[in-house]
Amino acid sequence: MPELPEVETIVRALRDGGRGGSSLKGRLVSGVELFWPKTLASPALADFSTQIIGQTIDDVKRRGKYICLQMQSGWLLIHLRMTGDLRVEEIAQTGYLPHDRFALIFSDGGRMVFNDARKFGRVWFDKTPENIFNKLGMEPFDDSFTPAVFSESIKNKKKQIKTLLLDQSFIAGLGNIYTDESLHRAGIHPLRMASSLTEQEVENLFNAIRSTLQEGISRNGASIDWVYRGGEFQNNFRVYQKTGQACLVCGNIIERIVVGQRGTHFCPICQPERVV
DNA sequence: CCTGAAACCTGTCTGC
DNA sequence: TGCAGACAGGTTTCAG
């Protein structure tokens, strides 16, 4: 489910309220519930609880696809992976839902619940987020991410461009949807070697990544099936899951191939395999 | 070191 | 209707 735009949408709701819940800022944590032990990656539950209970949530941020709850004693980091979702409930609720894996209980009677059908999602707590942040690559909307920086970092990469864009240690936040959509906007075939891109193609890709992610955020992310609701970007897909349909730009049929074990959608006319 | 496949999981949809 | 198989927004681990 969640790539940068979906995570950003969730973070804004947790920070400012919205999406059916109110803000987490200023909430005092009074308890922790863990229904699927593996969801808590580290530390062990006893230490985790000791560190979290009694803390107040100062701020909610995003880095790549990580949701970051900043507290006085450190950072609670959450990764939703494929099917994770967070909801904030007020007052005393009757019970939990199927697939609820973890919850933070607040002193005001509310709670934040982590629901995750496929159990891939993870939660961490650490005094500093650097252990995780240090492994992440460029942040697409950071001022330090520029066409020049992007060009410099990409030119020696001997990897297919689709695989490279999915590598979170290269650029953080792109997933399967936004990678396919960005490559179509940039007119670049997913199997092109990163190092073979021309300066113009790299610049086009830079602009495509930012504009695609920005449009995703402005539409509150993409809602494709039963996972993650409220987004509208799925109505504006150009290639993702449009195999066999006509390309909106040139009318040719959208094709599907597998790249790095991921379904990959592209237009063979708009995204030629060889530069002509 | 790099690459590709498998693993981690459950739910949905398609085709026989 | 039932059932096997494919596929799904992601990342880590393991084999070669």
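Just so it is clear: chains get the letters A, B, ... in the order the sequence lines come, proteins before strands, and each one is counted from 1. Because the structure is a prediction, the values reported are computed rather than measured.
- Looking at A:T212 and A:R238, their side chains never bring a donor and an acceptor atom within 3.5 Å of each other.
- For the P atoms, the distance from C:dC3 to B:dC8 is 25 Å, rounded to whole Å.
- Residue A:K119 has no polar side-chain atom (N or O) positioned under 4.0 Å from OP1 or OP2 of B:dC8.
- In this structure, A:K157 atom NZ and B:dC1 atom P are separated by 15 Å, rounded to whole Å.
- Atom pair A:D100:CG and B:dT10:C1' shows a separation of 15 Å (rounding to whole Å applied).
- Distance, A:M82 CE to B:dT12 P: 15 Å, rounded to whole Å.
- When each of B:dA5, C:dT11, B:dT3 is scored by its nearest atom to the side-chain atoms of A:K159, the top-ranked nucleotide is B:dT3.
- If you check the side chains of A:E203 and A:S151, you find no donor sitting under 3.5 Å from an acceptor.
- A donor-acceptor pair is defined here as one N or O able to donate and one able to accept, closer than 3.5 Å; no such pair exists between the side chain of A:E255 and the backbone of A:T243.
- The stacking criteria are not both satisfied for A:W226 over the base of B:dG11, which would need a centre-to-centre distance under 5.5 angstrom and an angle between ring planes under 30 degrees.
- Here the C1' atom of nucleotide C:dA6 and the CZ atom of A:R262 are 15 Å apart, to the nearest Å.
- Atom CG in A:L166 sits roughly 15 Å away from atom C1' in B:dG4 (whole-Å rounding).
- Nearest-nucleotide positions on DNA chain C place A:R118 closer to the 5' end than the other of A:R118 and A:Q168.
- Between A:I78 atom CD1 and C:dT11 atom C1' there is a gap of 17 Å when expressed in whole angstrom units.
- Separation of the P atoms belonging to C:dC7 and B:dA6 is 14 Å when rounded to the nearest angstrom.
- Considering only side-chain N and O atoms, A:K65 lies under 4.0 angstrom from the phosphate OP1 or OP2 of C:dT11.
- For the C1' atom pair drawn from C:dT11 and B:dT12, the interatomic distance equals 22 Å after rounding to whole Å.
- Aromatic stacking is not marked for A:F120 over C:dT11, as the cut-offs of 5.5 Å for the centres and 30° for the planes do not both hold.
- If you take atom P in B:dA7 and the same atom in C:dG5, they sit 16 Å apart, rounded to whole Å.
- Residues A:F206 and A:T146 approach most closely at CE1-C, 3.4 Å, considering heavy atoms.
- Base pairing of B:dA6: its partner is C:dT12, meeting the Watson-Crick or G-U wobble criterion (both donor-acceptor distances under 3.5 Å).
- For the pair A:K38 NZ and C:dG10 P, the computed distance is 20 Å after rounding to whole Å.
- Regarding A:D167, its CG atom lies at a distance of 13 Å from the C1' atom of C:dT12, rounded to whole Å.
- Counting non-hydrogen atoms under 4.0 angstrom, A:Y240 reaches the backbone sugars and phosphates but no base.
- Side-chain N/O atoms of A:H99 include none lying less than 4.0 angstrom from OP1 or OP2 on B:dT10.
- Heavy atoms of A:Q241 sit under 4.0 angstrom from primed sugar atoms or phosphate atoms, though from no base atom.
- Taking the ring axis of A:Y96 as reference, the NZ or CZ atom of A:R111 stays within 45° of it and closer than 6.0 Å to the ring centre.
- Between A:R87 and the choices A:I10, A:V113, A:L14, the side-chain contact (heavy atoms from CB on, under 4.5 Å) rule is met once, by A:V113.
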